[in-house]
**Q** 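Here it is: the structure, laid out below.
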Amino acid sequence: MAQKIKLSTIAETLGISTATVSLALRDSPLVAGATRDKIKEQARALGYIYNRRAASLRTSRSGIIGVVVHDIMNPFYGEILKAIESELDRSRHTFILSNHYDSVEKQRTFIETLLQLGGDGVIMSPAIGTPPEDMQLAEDNGMPAILVARSLDGLDLPTYRGDDSYGISLATNHLIGLGHRSIAMIGGTDQTSTGRDRYQGYVNALRKAGIDVDSGLRIPGPRSMQGGFEAAVHFLSLPQRPTAAVCWNDLVAIGLMNGIARAGLVPGKDISVTGYDDLEEASISMPALTTVWNGQAEVGRLAARALLDRLAGSHEPDGLHLIKPEMRIRQSTSPHRPRL
């Protein structure tokens, strides 16, 4: 077997102390930049691999952060993860990713595995039905937890997400301002804080405008593009077909517009549609989607920063931290035109 490269080997080849090599490989400011670069170059040349396990025994930190979300295939979570990764990179932390697909058991297994690996902390969008005890398990074992996108009742953890009730009210008010009075709400579930808050924002906007809330105009469930496409059949078959739809997210909205177009109607002209999240796909859809920016990148950045601050011994107060959404008006909405 090849001999394992040690810090002392690097030190000997450069004629410096092992302590200096150790500091340089950890990017310590105590070592000059040029010297750090020289040491790192020599380490790579010799094939040295940083021993994270040994380092964690010395520092009580593994440098590993767990991140668990519903489904990385949803671009909404992809944008949050990109911001988390960028923030963690600056502090030389590595994250391990898991999708829970709303399985509490899968999520629990991930947290337990992360604890076994000595993870420093966890950032998560909790699965539907997550018991507070599961999150308390991490906290009680010295692994701080930060929540994103969804709140969790019964536990006052730092939580970062958009103001969903306010955001959906922006979309609903936009349609009301265009003269629409029959507005459907498509997608989401009352099982999550996100779903409850977005529906409440829709209801509040209608009531404030003096419009009766018709439960028959709510089509819950869809959260994907396929789901929105399939919901178009239900939407178009309603007895008094709505003239507009507020969708739970951009994916549902784009799917719904495709379904409307498949039926021979023109989304944005015959039926106005709004999305939510302002994903990259929103601005390039046909028609370009009117939607609500929900601050995904800011959510990810703030959550990662909050966790790193907690690991450093200082942090913002626990509880809910909301990002204020903003309206993005494009081509998928237009003034109401009475049917002839």
Side-chain angles (χ1 to χ4, degrees), residues 73-76 164 167-189 195 198-199 201-207 209-294 325-340:
M73 292 300 290
N74 185 335
F76 168 80
D164 292 306
I168 281 291
S169 73
L170 288 178
T172 310
N173 284 328
H174 168 68
L175 293 170
I176 292 171
L178 291 173
H180 296 279
R181 292 296 180 270
S182 181
I183 304 170
M185 171 74 183
I186 300 179
T189 170
R198 291 185 189 180
Y199 182 64
Y202 161 79
V203 169
N204 290 344
L206 292 178
R207 288 175 175 166
I211 301 173
D212 291 337
V213 178
D214 183 351
S215 60
L217 295 183
R218 187 186 188 191
I219 304 175
R223 289 185 281 176
S224 66
M225 202 175 298
Q226 181 65 32
F229 180 79
E230 293 171 356
V233 175
H234 184 175
F235 173 83
L236 294 172
S237 65
L238 289 170
Q240 295 294 322
R241 192 183 73 208
T243 63
V246 172
C247 293
W248 191 76
N249 64 17
D250 288 350
L251 298 180
V252 171
I254 293 170
L256 179 71
M257 290 197 300
N258 286 336
I260 290 171
R262 183 72 66 87
L265 300 172
V266 181
K269 185 177 180 181
D270 295 322
I271 298 171
S272 289
V273 178
T274 66
Y276 201 91
D277 291 334
D278 194 24
L279 303 176
E280 183 178 298
E281 291 85 346
S283 63
I284 61 175
S285 65
M286 290 293 289
L289 181 63
T290 294
T291 187
V292 177
W293 172 82
N294 199 29
E326 298 174 2
M327 198 73 203
R328 300 284 190 261
I329 299 174
R330 299 192 179 104
Q331 300 165 346
S332 66
T333 54
S334 61
H336 169 57
R337 298 182 304 164
R339 294 190 183 98
L340 299 178

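Basis for what follows: all heavy atoms, side chains included, without hydrogens, waters or symmetry-related copies.
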**Q** Can you tell me how far CD1 of Ile260 sits from NZ of Lys269, rounded to the nearest 0.5 angstrom?
**A**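 These two atoms lie 14.5 Å from each other.
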**Q** Might you work through the side chain to side chain contact (heavy atoms under 4.5 Å, CB included) test for Met257 and Leu289, ending with a clear yes or no?
**A** CA-CA 9 Å; Met257 290 197 300; Leu289 181 63; 4.0 Å; yes
**Q** Does Arg207 use its side chain to pair, donor to acceptor, with the backbone of Asp212 at less than 3.5 Å?
**A**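 Not confirmed, Arg207 side chain does not pair with Asp212 backbone.
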**Q** Quick one: does Ile168's side chain get under 4.5 Å of Thr274's, heavy atoms only?
**A**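 No, side chains not in contact.
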**Q** Does Ile183 form a side chain to side chain contact (heavy atoms under 4.5 Å, CB included) with Tyr202? I'd like the steps, not just the answer.
**A** CA-CA 9 Å; Ile183 304 170; Tyr202 161 79; 4.2 Å; yes
**Q** Can you find a pair of side-chain heavy atoms, one from Thr290 and one from Met327, that are under 4.5 Å apart?
**A**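 Counting from C-beta outward, Thr290 and Met327 do come under 4.5 Å.
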**Q** Provide the closest heavy-atom pair for Ala171 versus Val292 in the form atom of the first, atom of the second, distance.
**A**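 Looking at all heavy atoms of both residues, the shortest contact is CB-CG2, 4.0 Å.
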**Q** Can you find a heavy atom in the side chain of Leu178 that is under 4.5 Å from one in the side chain of His336?
**A**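 No, side chains not in contact.
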**Q** Under the side chain to side chain contact (heavy atoms under 4.5 Å, CB included) rule, collect the residues that match up with Ser182, sequence neighbours excluded.
**A**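 Only Leu217, Pro242 meet the side chain to side chain contact (heavy atoms under 4.5 Å, CB included) criterion with Ser182.
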**Q** Working note: Asp164 + Asn294, criterion side chain to side chain contact (heavy atoms under 4.5 Å, CB included); need CA distance, chi angles, decisive distance, verdict.
**A** CA-CA 8 Å; Asp164 292 306; Asn294 199 29; 3.8 Å; yes
**Q** Which atom pair, heavy atoms only, marks the closest approach of Ala232 to Leu256?
**A**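 Closest approach of Ala232 to Leu256, heavy atoms only: CA-CD1, 3.7 Å.
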**Q** Which atom pair, heavy atoms only, marks the closest approach of Phe235 to Ala244?
**A**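 Heavy atoms of Phe235 and Ala244 come nearest at CE1-O, 4.0 Å.
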**Q** Please report the interatomic distance OG1(Thr189) to CZ(Arg223), rounded to the nearest 0.5 Å.
**A**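 Thr189 OG1 to Arg223 CZ: 6.5 Å, rounded to 0.5 Å.
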**Q** Verify the distance criterion only: is there a donor paired with an acceptor across the side chains of His174 and Thr333 at less than 3.5 Å?
**A**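 Yes.
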**Q** Rounded at 0.5 Å granularity, tell me how far CG in Asn204 sits from OH in Tyr199.
**A**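 It is 10.5 Å, given to the nearest 0.5 Å.
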**Q** If the threshold is 4.0 Å, N to carboxylate O, is there a salt bridge linking Asp278 and Arg330?
**A**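 Between Arg330 and Asp278 there is a salt bridge, with a charged N closer than 4.0 Å to a carboxylate O.
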**Q** Is the backbone of Ser334 close enough, under 3.5 Å, to the side chain of His180 for a donor and an acceptor to pair up by distance?
**A**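 Such a contact is found between His180 side chain and Ser334 backbone.
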**Q** For the residue pair Val252 and Pro222, establish whether any side-chain heavy-atom pair is separated by less than 4.5 Å.
**A**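 Val252 reaches Pro222 side chain to side chain.
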**Q** Apply the test side chain to side chain contact (heavy atoms under 4.5 Å, CB included) to residues Thr172 and Val203: give CA-CA distance (whole Å), side-chain angles for both, the deciding distance (0.1 Å), then the verdict.
**A** CA-CA 9 Å; Thr172 310; Val203 169; over 6 Å; no
**Q** Would you check if Arg337 and Asp270 make a side-chain contact, meaning some heavy-atom pair closer than 4.5 Å?
**A**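 The answer is yes, as the side chains (C-beta and beyond) meet within the 4.5 Å cut-off.
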**Q** Measure the spacing between OG of Ser285 and CD1 of Ile254 and express it to the nearest 0.5 Å.
**A**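 The CD1 atom of Ile254 is 5.0 Å from OG of Ser285, to the nearest 0.5 Å.
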**Q** Between Arg198 and Asp277, is there a side-chain N and carboxylate O pair less than 4.0 Å apart?
**A**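 Asp277 and Arg198: salt-bridged.
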**Q** Keeping Ser332 on the side-chain end and Val273 on the backbone end, is there a donor-acceptor pair under 3.5 Å?
**A**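 Here the side-chain-to-backbone pair exists.
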**Q** Can you list every side chain to side chain donor-acceptor pair (under 3.5 Å) pair that touches residues 246-264, not counting sequence neighbours?
**A**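 Output for this query lists Asp250-Thr291.
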**Q** Gly195 and Arg218: which non-hydrogen atoms are nearest, and at how many Å?
**A**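 Distance-wise, the nearest heavy atoms are O-NH2, 4.4 Å.
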**Q** Nearest 0.5 angstrom please: Cys247 SG to Ile219 CD1, how far?
**A**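 That separation rounds to 9.0 Å.
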**Q** Please report the closest heavy-atom contact between Leu236 and Ala263, naming both atoms and the distance.
**A**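 For Leu236 and Ala263, the tightest heavy-atom pair comes out as CD1-CB, 3.5 Å.
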**Q** How close do Ile176 and Ala205 get, heavy atom to heavy atom, and via which atoms?
**A**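 Reported closest heavy-atom pair: CD1-O, 3.7 Å.
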